[in-house]
Amino acid sequence: MNLRRRRPLPGRLRSPTNPALRSPPTRSMPSSSDTSRIQPEFKNPIDESSIRTGALITILAKGFQYSEMEANMDSSDVDVDGDYIHLEPIDILTKDVHSLKQIVNNKKEKAKELGNRFGRDTEHVQVHRQGNEGPSPMDFTPSLVSPSCEISDSDLYVLEGHSLEVIACAWSPTGSLLASGSSDSTARIWEISNGPCISSMHSSPPNVHVLNHFNFSINNESNAVTALAWNEEGELLATGSYEGQASIWRKNGKLEEILKKHTGSIFSLQWNKRGDLLLTGSFDNTAILWDTGTWECKQQFAFHSAPLISVEFRNNTAFATCSEDKMIYICSFGESQPVYAFSEHQDEINAIQWDPTGTLLASCSDDRSVKIWSLELGTCLHDLQGHHEAVYTIKWSPTGPGTINPNKQLVLASASGDSTIKLWDAHKGHLLRTLNGHREAVYSIAFSPNGNYLASGSQDRHLHIWSVKDGSILKTYSRGGAIIYHVSWNRENDKVVAGFGNGIVTLIDFRSAVEASTMY
């Protein structure tokens with residue numbers, strides 16, 4: 001099961017293409033002999049227009065939180081244990097309180113075992129290689145958090161406005177605009193002031209443009225914003241929604257166009273660098289290339305047999321797609337068949353990403369593996385094994401030949417449900433180090449533009465900022481009060497944004513950690 005279905009987000013449990021979600025069960029009409037038993041039509045005494053949009057979702061979310069809190073109660077049923085354990089939504093739905101308490105206790109025991117491992121020197125991880133053997137993995141990295149690493153209130157700013165979980169955040173590539181997308185059926189564009197100090201924002205809050213997606217929903221139901229992407233010039237923002245539309249907005253918040261060919265939720269979209277094509281991937285099992293001059297569908301690709309999870313441009317015309325069907329396809333505009341088809345994953349694929357040069361493609365899966373594919377060889381170059389649970393996301397470092405940091409090593413990072421982050425040598429295919437500091441699943445990771453730092457957000461409600469060089473935690477934030485679904489750096493390397501499950505967007509000033517002693 002992919003991460004999108006593990007997150008407690010509306011609509012993630014079933015696709016919009018599922019008839020059970022779209023229409024009520026059919027009922028047969030009574031025969032003429034039964035007409036005497038037909039009852040008058042029931043009239044609902046409640047004025048439906050008076051019900052706040054999203055009210056049911058809010059009530060359900062609070063019910064989930066109560067059940068989770070009940071499972072964490074100690075034996076006296078008065079206090080919640082200090083080590084609060086977060087539960088999967090499917091467990092809350094299918095298990096009673098006693099079973100949930102057992103899950104909580106098992107997770108706490110696992111956390112204690114992990115803590116005991118901090119005294120060990122090394123972690124033995126098997127890495128299967130195809131090609132030359134590389135050196136053995138480096139030392140296991142026990143990353144204990146010092147109280148001095150906690151980010152102070154003066155170095156952060158909370159952007160308030162969303163009422164439900166924030167699914168995605170995206171910095172404009174050319175300016176200080178920040179976009180956020182939420183399950184509350186809105187995206188927002190925040191005007192973040194330039195300069196190193198966030199504290200000045202407390203006296204002058206940022207302007208915000210609210211991009212309302214209610215109008216695109218069916219029967220005015222909640223229409224979660226599920227994906228965000230700026231074009232290369234930072235003038236246009238594309239948003240994907242649960243109802244299957246892609247919307248184009250100007251940076252001032254004005255709606256430019258609505259693209260309506262998909263019949264399932266859009267969880268991934270991307271502009272090519274030239275800006276003339278927009279790529280969308282949907283739960284209707286297809287990917288579409290849109291002409292950004294006319295906003296017409298240029299080509300629809302229907303190769304997958306299950307919902308698409310991620311799409312990623314390789315260059316201006318070629319791209320990769322991955323799906324719940326365990327397949328990766330390399331496609332090209334104008335071609336009726338995939339250029340390559342990779343089928344070595346044994347379970348749903350959660351993410352794909354090209355390296356900075358577009359020569360290597362990385363993928364991660366529920367099968368616990370990370371794979372690096374070579375288009376020159378047309379096969380899997382490295383099969384990286386070491387995670388003990390599903391791998392949710394991967395990110396390439398912005399380093400190595402062809403980048404603005406050409407003298408630094410190219411690194412691939414992977415984050416997993418086993419609470420760890422692993423850094424891999426992409427060319428030799430071996431483990432560089434394991435980052436241990438989270439206690440639960442890690443949902444999002446992001447390299448800083450200079451490649452020196454890695455930010456991570458987790459189900460344990462902690463954000464960590466790591467040194468890529470030595471694996472230490474430089475900064476941490478633990479007061480957000482909810483699961484962190486997304487983390488992202490601005491282009492100046494001095495600000496990190498985090499999207500939380502309680503609707504909060506937190507902006508963190510990282511300037512105090514950018515010191516000469518931590519640089520390469």
Can you check whether N316's main-chain N or O pairs, donor with acceptor, with N272's side chain at less than 3.5 Å? yes
Show your reasoning for whether side-chain hydrogen bond (donor to acceptor under 3.5 Å, both in side chains) applies to N450 and K408. CA-CA 9 Å; N450 62 13; K408 296 178 182 178; 5.2 Å; no
Parallel, tilted or perpendicular: ring planes of Y453 versus W489, cut at 30 and 60 degrees: parallel
With rounding to the nearest 0.5 angstrom, report the SG to CZ distance, C331 to F319. 4.5 Å
W290 and its side chain to side chain contact (heavy atoms under 4.5 Å, CB included) partner, picked from I288, T292, T294: I288
Show the nearest heavy-atom pair for residues W249 and N212, with the distance to one decimal. CH2-O, 3.7 Å
With a 3.5 Å distance limit and no angle check, can you tell me whether N490 reaches the backbone of S176 through a side-chain donor-acceptor pair? no
Kindly indicate, with the supporting measurements, whether the criterion side-chain contact (heavy atoms from CB on, under 4.5 Å) is fulfilled by F267 and I309. CA-CA 6 Å; F267 281 108; I309 301 303; over 6 Å; no
What do the steps show when you test V225 against S182 for side-chain contact (heavy atoms from CB on, under 4.5 Å), and what is the final call? CA-CA 5 Å; V225 178; S182 169; 5.9 Å; no
Is there a donor-acceptor pair under 3.5 Å between the side chain of T506 and the backbone N or O of A498? no
Any chance you could measure K254, atom NZ, to E256, atom CD, to the nearest 0.5 Å? 6.5 Å
Before giving the answer on side-chain hydrogen bond (donor to acceptor under 3.5 Å, both in side chains), spell out for N223 and H213 the whole-Å C-alpha distance, their side-chain angles and the decisive distance to 0.1 Å. CA-CA 6 Å; N223 187 21; H213 290 65; over 6 Å; no
Of all heavy-atom pairs between E233 and T174, which one has the smallest distance, and what is that distance? O-OG1, 3.0 Å
Please determine which of T321, T286, N285 meets the side chain to side chain donor-acceptor pair (under 3.5 Å) test together with H304. T321
For I266 and G244 the tightest heavy-atom approach is CD1-O, 3.3 Å
Report yes if some heavy atom in the side chain of S369 is under 4.5 Å from a heavy atom in the side chain of Q385; otherwise report no. yes
Would you indicate whether the side-chain heavy atoms of I349 and I328 approach each other to under 4.5 Å? yes
Any donor-acceptor N or O pair under 3.5 Å, side chains E348, N350: no
Sub-4.5 Å side-chain heavy-atom contact between H162 and S180: yes
Do L178 and W190 make a side-chain contact, defined as non-hydrogen atoms from C-beta onward lying under 4.5 Å apart? yes
About how many Å separate NE2 of H486 and OH of Y443, when rounded to the nearest 0.5 Å? 15.5 Å
Is the closest side-chain heavy-atom distance between F333 and Q299 below 4.5 Å? yes
Within the 4.5 Å heavy-atom criterion, are K251 and W230 side-chain neighbours or not? yes
State whether the side chain of S282 and the backbone N or O of G264 hold a donor-acceptor pair below 3.5 Å, judged by distance alone. yes
For E191 and H209, test the side chains for any donor-to-acceptor distance below 3.5 angstrom and give the result as yes or no. yes
Would a distance-only check, ignoring hydrogens and angles, find a side-chain to backbone donor-acceptor pair under 3.5 Å from S310 to C322? no
Roughly how far, to the nearest 0.5 Å, is the OG atom of S419 from the CG atom of L435? 11.0 Å
Check whether any side-chain heavy atom of I372 sits under 4.5 Å from a side-chain heavy atom of C380, and report yes or no. no
Validation row: S374, L360 side chains within 4.5 angstrom (heavy atoms): yes
Show your reasoning for whether side-chain hydrogen bond (donor to acceptor under 3.5 Å, both in side chains) applies to E165 and S183. CA-CA 6 Å; E165 49 273 288; S183 294; 3.2 Å; yes
Hey, does the side chain of Q353 reach the backbone of W396 with a donor-acceptor pair shorter than 3.5 angstrom? yes
Kindly determine whether E344 and T379 satisfy side-chain contact (heavy atoms from CB on, under 4.5 Å), including the steps that lead there. CA-CA 9 Å; E344 294 187 24; T379 187; 4.2 Å; yes
Of all heavy-atom pairs between W466 and G471, which one has the smallest distance, and what is that distance? CE3-O, 3.5 Å
Candidate pair S444 and I484, rule side-chain contact (heavy atoms from CB on, under 4.5 Å), full reasoning: CA-CA 8 Å; S444 182; I484 300 173; 5.7 Å; no
Which pair of heavy atoms, one from P356 and one from L410, lies closest together, and at what distance? CD-CD1, 3.9 Å
Taking N405 for the side chain and P398 for the main chain, is one N or O donor matched with an acceptor at less than 3.5 Å? yes
What is the distance from atom NE2 of H438 to atom CG of L463, rounded to the nearest 0.5 Å? 7.0 Å
Taking the side chain from H430 and the backbone from K428, do they hold a donor-acceptor pair closer than 3.5 Å? no
Quick check on the 6.0 Å ring-centre criterion: do W373 and Y340 meet it? no
Rounding to 0.5 Å, atoms CG (N315) and OG1 (T317) come to a distance of 4.5 Å
Any donor and acceptor pair, going by atom type alone, linking the side chain of S416 with main-chain N or O of A390 inside 3.5 Å? yes
Could you tell me whether Y329 and F301 have their ring centroids closer than 6.0 angstrom? no
Short question: side chain of S397, backbone of V411 - any donor-acceptor pair under 3.5 Å? yes
I167 to A224 - nearest heavy-atom pair and separation: CD1-CB, 4.4 Å
